[in-house]
Each structure stands twice: as C-alpha cells, then as structure tokens.
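For reference, the structure discussed in these notes is given below.
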Amino acid sequence: SAGGEWRLLQRSIGISAMHMQLLNDDRVVVFDRTDFGPSNLSLPNGRCRYDSHEMVSKKDCTAHSVLYDVSSNTFRALTVQTDPWCSSGAVLPNGTLLQIGGFNDGAQTVRMQSPCSGGDCDWVEFPRVLSRRRWYATAQILPDGDVIVVGGRREYSYEFWPRRSDSGSFEFDFLRETSDDSENNLYPFVHLLPDGNLFIFANTRSVLFDYRRNDVVREFPEIRGGDARNYPSSGASVLLPIDETAAESNSEIMICGGASPAAYQAALRGTFRRATSTCARLNLAAREPEWKLEHMPTPRVMSDMLILPTGDFLIVNGATSGAAGWENARDPSMRPLIYRPNEQPDGRFSVMAESQRPRLYHSTAVLLADGRILVGGSNPHEYYNFTGVDYPTDLSLESFSPPYLSPDNDHLRPRITDADRILSYHKPFTVDFTAESLNPSAVTVRLLAPPFSTHSFSMNQRMVVLKIAAISCDSSRMRCHVNAAAPSTAEIAPPGYYLLFVVHCEIPSHGSWIKI
C-alpha cells in the first residue's frame with residue numbers, strides 16, 4: 001500500500017485516450033483524433049460519419065470518442081464529426097464541456113458535451129466559429145464564466161468564447177517571441193491567479209498577463225538551465241492550492257520536467273536526449289519572484305501532473321528521454337511520483353508502484369471523485385499500430401490508487417453524509433461527516449476543479465483550501481458538523497462544478513459535487 005496500486009479497468013475502449021475530462025455526473029469524456037482512419041470501436045446501429053475533408057476515411061463507421069461511466073466501469077461510443085486532434089477544453093459553469101479547436105476541418109470548431117443521465121446525449125458541434133485555427137492551443141475559464149483560448153500552432157494570438165470583439169482575436173507577441181526551431185511554445189501553460197491576472201509560460205519564459213487590457217504586466221526570470229518546458233519538449237505545470245486559511249495571499253506555480261530546446265530535432269534524427277529531472281517553483285507573491293529548483297528522482301518528459309485531494313501532486317506517464325511527437329521518445333517512465341509541497345525539500349518526492357503499461361505520447365490522466373487516478377492513452381505512432389513496434393498503441397484504461405486509499409487508512413477516512421450543494425461566494429455553508437477515529441484539529445475542507453487533460457497539461461485544474469469557522473463533534477467524535485466559508489471571489493474559484501473533499505490526517509473522503 002505504500003506505493004499505491006494499479007488496476008486494469010478496460011483492456012480496450014476501442015480508442016486511444018488522447019484527451020479526457022471528468023464531468024459532474026461522474027462520467028469521463030474521452031476522445032482521440034479522427035484523421036488516421038478507423039478505430040477499434042464501431043458506431044452503434046450501423047451509423048457512419050461522412051466528412052469530405054477527412055484525410056484517410058471520408059466514410060468512417062467507427063467511433064473516435066467514448067463516454068466512460070466510472071460507477072459501472074462501462075463505456076459507450078460518441079460521435080465526433082470534425083477532427084479534435086490536439087485540441088483544448090474547459091468546463092462551463094453549467095457543467096458542459098466546451099471543447100475547442102483541433103486539426104483540419106476541426107481547427108476552428110467548438111464542440112459541446114453535456115452531462116446526461118440517459119443514453120442519447122452526444123457531441124454538438126459548431127464549425128468555423130473560432131476566429132483562428134486553434135491547434136495545440138490552451139483554454140482557461142475566467143471569473144465571469146467565459147473562456148480564453150491562447151495560442152495554437154503558428155497562431156500568436158488569443159480569443160474568447162463567447163467572442164468579445166468583431167475581429168475575434170487579439171495579437172499576443174509573447175507567443176511569437178517564444179517560438180524557436182522546434183516551436184516549444186505550443187500548449188502554453190495558462191493559470192488564472194487570485195488577483196484576476198493570468199500566468200502564462202511558453203518555452204522558457206513566463207509573464208503576468210492582464211487579458212482585460214491586453215497588457216503584459218511583467219515578465220518573470222527564466223528557469224535556470226535553459227530547458228524548454230512546452231510542447232514538444234512537454235513538461236507539466238500546476239498552480240499550487242490556494243489556501244484561504246493563510247494569513248497572506250499565496251500564488252505559486254510549479255513546473256516539472258521537459259527537455260532541451262533541441263531534443264525534438266535530435267529525436268527526428270534518431271538521437272533521444274535525456275529529459276530534464278528538474279522541477280521549479282515560483283512564488284508570485286514574493287517581492288522579487290525567483291524560480292527555486294528541485295530534482296525529481298528521474299528525468300521526465302510528457303508526464304501528467306495532477307493535484308490530489310490531499311493537496312499533493314501525482315506525476316505520472318511519460319518518458320525519460322526524447323520529446324513529444326511520433327516515435328520521438330524512449331525509456332518510458334513506469335513509476336509515478338508523489339510530490340508533497342509542504343514537506344522539507346529533501347523529503348518531498350516519493351516513488352510509487354510500477355505500472356505494467358508504458359504511457360508515452362498522447363497519454364492522459366484525470367482524478368476521479370473516489371480519489372483514484374484514471375489513466376489511459378499512449379499512441380506514439382501516426383496510425384494505430386499494435387505489432388512490430390517497441391511501444392504499441394494502447395487502448396486500455398487503468399486506475400492508480402494512491403496510498404491514501406489503502407484499507408489501512410479506513411479508520412481515519414472521513415465519509416461525507418451531508419453537504420450544501422450550492423455555494424455562494426464568501427458565504428457560509430455546512431458539511432457533515434463521520435470517521436471511526438477523529439482528530440478535529442487535523443481536518444481540512446477543500447474544493448478541486450477537475451482538469452481537461454491532454455499533452456501533459458491539465459487545463460483549469462485548481463484547488464482551494466477553505467476557511468473553517470467551527471467543527472462540532474458528538475461525544476464519540478465519530479460524527480462532525482463543519483461550518484465553512486465558500487471561496488472569497490470568482491478569481492479564486494471561477495463559477496462551476498467542483499469536487500468537495502474533507503481531508504483528515506492526510507486521508508481524503510470521497511468527493512462530493514458542489515456548484516458555485
């Protein structure tokens with residue numbers, strides 16, 4: 001249990017999980033690209049899609065998206081019409097997944113997938129509504145519930161959904177300046193900060209950006225070492241939990257892994273350079289912010305970094321040499337890492353149990369409400385390829401259970417019995433829970449926004465640690481009532497659905513869905 005546990009959930013869902021998003025009905029939207037030909041899952045009832053723009057199969061009777069039901073461990077096919085290859089996404093305040101861009105006829109398309117209890121919901125698509133081609137772009141939800149879309153291949157601009165100007169897009173020279181011979185600035189890391197500005201990182205540089213005024217407020221120092229961190233050098237980035245209980249405002253960014261700026265070009269020539277083993281943390285609240293380096297136990301490129309209910313991070317998937325792209329990496333990273341940001345620097349990383357399935361290019365991971373990590377994907381080939389290669393296309397889904405899910409911790413585990421489901425900013429709300437053994441001083445209440453996961457970046461992921469006004473427990477200390485305060489502002493927690501966790505002695509409850 002000390003290293004967690006892997007479990008195979010589905011040997012094949014028929015598609016490779018290039019993109020994933022957990023919705024508030026505990027179903028996960030999964031999708032791949034459409035331009036490589038048929039998948040291994042037929043569309044139901046003899047249905048086919050016809051696309052005159054498609055590059056391989058203009059008539060395709062197979063699915064390239066599925067809806068995975070967590071509780072029943074089942075899935076069903078969805079129909080995506082235009083190509084969502086290397087796209088982005090964000091969940092709107094009403095719980096609908098807004099899925100943005102892609103390739104070919106999908107590059108200017110917006111798609112929507114809403115939670116549903118029945119079996120008839122499917123993708124709704126709006127072609128040619130984006131002002132620019134958004135392939136390898138990043139999407140970030142804003143405090144008003146709108147979404148900003150940043151970048152894309154050879155698109156040095158951003159735009160909003162819904163549109164905010166007649167032209168639709170705004171030039172952003174920072175993206176042009178950070179593009180090199182290997183690009184290394186695709187899928188820029190974008191995080192909404194508590195002050196309402198955006199932190200944007202591309203290649204080796206980062207800025208504080210006021211999107212309301214189209215103004216770069218300041219540029220931060222570069223991370224020492226000169227490694228590139230964005231696609232195709234593909235590190236991972238996370239905004240550390242925002243702690244409403246802290247006396248001072250806290251905004252901190254962490255970036256882990258990546259590769260040298262020339263790693264992609266070297267991989268094209270058959271040379272697979274060692275990835276970087278460094279992580280860097282930047283305290284944005286400092287008077288003069290400087291990146292502080294730490295070293296992972298192993299180098300990593302193309303890994304996913306997820307916030308766990310405890311506020312720790314899981315780093316999973318990827319490789320130790322090469323870069324993103326078809327056939328461009330070697331030496332898979334088979335052991336996840338857990339990083340504990342509040343421990344002493346020399347004790348923050350723990351190495352977890354080894355997976356039996358390499359997850360390289362086009363792999364993904366998302367946190368589930370029960371605290372497990374859903375892991376899927378890996379297709380480092382132009383087409384689906386299952387034989388005669390070192391790393392075959394993987395169509396499976398598996399779960400990783402971190403150590404906090406060990407039965408050894410069941411006596412400490414909180415179980416939410418009741419909670420307010422609708423929260424209002426800065427207003428009180430209540431949570432009731434039980435635990436077999438309880439220390440009220442070791443209880444925290446947290447909100448977590450599940451991310452849109454693709455290409456090593458978990459978009460819109462954020463955690464807020466909430467203020468607790470009071471905890472009252474019965475004489476046995478097995479039943480407790482918590483009075484807590486909802487997030488202070490929409491800048492701290494944009495409107496929408498969140499998972500509510502009670503954490504006791506570093507052991508989390510099952511998450512409960514709430515809406516702000």
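All values derive from a computational prediction rather than experimental measurement. Position 1 is the first residue of the sequence; numbering continues from there.
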Within the structure provided, determine whether [X] and [Y] are in side-chain contact (heavy-atom separation under 4.5 Å).
X	Y	result
I307	P451	no
F400	S355	no
L397	L374	yes
N409	C505	no
F349	H295	no
V110	L98	yes
K292	P345	no
L293	I223	yes

Just list the side-chain donor-acceptor pairs under 3.5 Å for residues 233-240, sequence neighbours left out, or say none.
residue, atom, partner, partner atom, Å
S233, OG, N184, OD1, 2.7
S237, OG, H191, NE2, 2.8

Donor-acceptor pair, distance only, cut-off 3.5 Å: does the side chain of [X] make one with the backbone of [Y]?
X	Y	result
Q10	N73	yes
N460	A139	yes
Q461	M305	yes
N483	A469	no
N185	G151	no
T96	L92	no
W291	R224	no
R413	I507	no
S509	V502	yes
D370	H510	no

From [X] atom [atom1] to [Y] atom [atom2], the distance as rounded to the nearest 0.5 Å:
X	Y	atom1	atom2	result
L208	I200	CG	CD1	9.0 Å
I416	S512	CD1	OG	4.0 Å
L78	R111	CG	CZ	13.0 Å
F452	L22	CZ	CG	13.0 Å
M334	T298	CE	OG1	12.0 Å
L282	F201	CG	CZ	9.5 Å

Checking side chain to side chain donor-acceptor pair (under 3.5 Å) against R134, which of S157, S169, S87, S88 comes through? S157
For R340, salt bridge (Lys or Arg N to Asp or Glu O under 4.0 Å) partners two or more places apart: D312
List the residues meeting salt bridge (Lys or Arg N to Asp or Glu O under 4.0 Å) with E219, not counting sequence neighbours, and say none if there are none. R205
For the student: nearest non-hydrogen atoms of [X] and [Y], plus distance:
X	Y	value
L466	L447	CD1-CG, 3.8 Å
T417	T434	CG2-CG2, 4.0 Å
P188	V150	CG-O, 3.9 Å
N230	L186	CB-O, 3.5 Å
D410	R415	O-NH1, 3.5 Å
T444	I468	CA-CD1, 4.1 Å

side-chain hydrogen bond (donor to acceptor under 3.5 Å, both in side chains) for R229 and T278? Distances and angles first, verdict last. CA-CA 10 Å; R229 306 285 179 163; T278 59; 2.8 Å; yes
Using side-chain hydrogen bond (donor to acceptor under 3.5 Å, both in side chains) as the criterion, list what pairs up with S437, not counting sequence neighbours. none
Residues that D474 engages under side-chain hydrogen bond (donor to acceptor under 3.5 Å, both in side chains), provided they are two or more places apart: S476
Using disulfide (SG to SG under 2.5 Å) as the criterion, list what pairs up with C86, not counting sequence neighbours.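 Scan of C86 (disulfide (SG to SG under 2.5 Å), adjacent residues dropped) gives none.
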Take the angle between the ring planes of F313 and Y339 and call it parallel below 30°, perpendicular above 60°, tilted in between. parallel
When the ring planes of F220 and F199 are compared, do they come out parallel, tilted or perpendicular, using 30° and 60° as the limits?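 Rings of F220 and F199: tilted, as their planes differ by 30° to 60°.
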Got a sec: does the CZ of R348 have more than 12 other heavy atoms crowding it under 6.0 Å? yes
Within 6.0 angstrom of E354 CD, more than 12 heavy atoms from elsewhere: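 Count over threshold, so yes.
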Run the salt bridge (Lys or Arg N to Asp or Glu O under 4.0 Å) check on D304 and R359 step by step: do they pass? CA-CA 10 Å; D304 295 280; R359 302 283 185 182; over 6 Å; no
Run the side-chain hydrogen bond (donor to acceptor under 3.5 Å, both in side chains) check on R27 and S72 step by step: do they pass? CA-CA 10 Å; R27 292 177 173 88; S72 64; over 6 Å; no
Just distance, no hydrogens or angles: give the donor-acceptor pairs under 3.5 Å from side chains in residues 489-499, sequence neighbours left out.
residue, atom, partner, partner atom, Å
T489, OG1, E491, N, 3.4
T489, OG1, E491, OE1, 3.4
T489, OG1, I492, N, 3.2
Y498, OH, P494, O, 2.6

Can you list the residues that meet the side chain to side chain contact (heavy atoms under 4.5 Å, CB included) rule with H504, with sequence neighbours excluded? L412, P414, L438, N439, A442, V443
Name all residues meeting the ring pair (Phe, Tyr, Trp, His ring centres under 6.0 Å) criterion together with [X]; count only those two or more places apart in sequence or in a different chain, and write none if there are none.
X	value
W513	none
F209	Y158, F172
F31	H19, W123

Salt bridge R132-E159, side-chain N to carboxylate O under 4.0 Å: no
Would you please test N317 and R300 for side-chain hydrogen bond (donor to acceptor under 3.5 Å, both in side chains) and show each step? CA-CA 9 Å; N317 299 335; R300 301 186 85 105; over 6 Å; no
Just grab all the disulfide (SG to SG under 2.5 Å) pairs involving residues 406-497, residues at least two apart or on different chains.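 Applying disulfide (SG to SG under 2.5 Å) to every pair that reaches into residues 406-497, excluding sequence neighbours, yields C473-C480.
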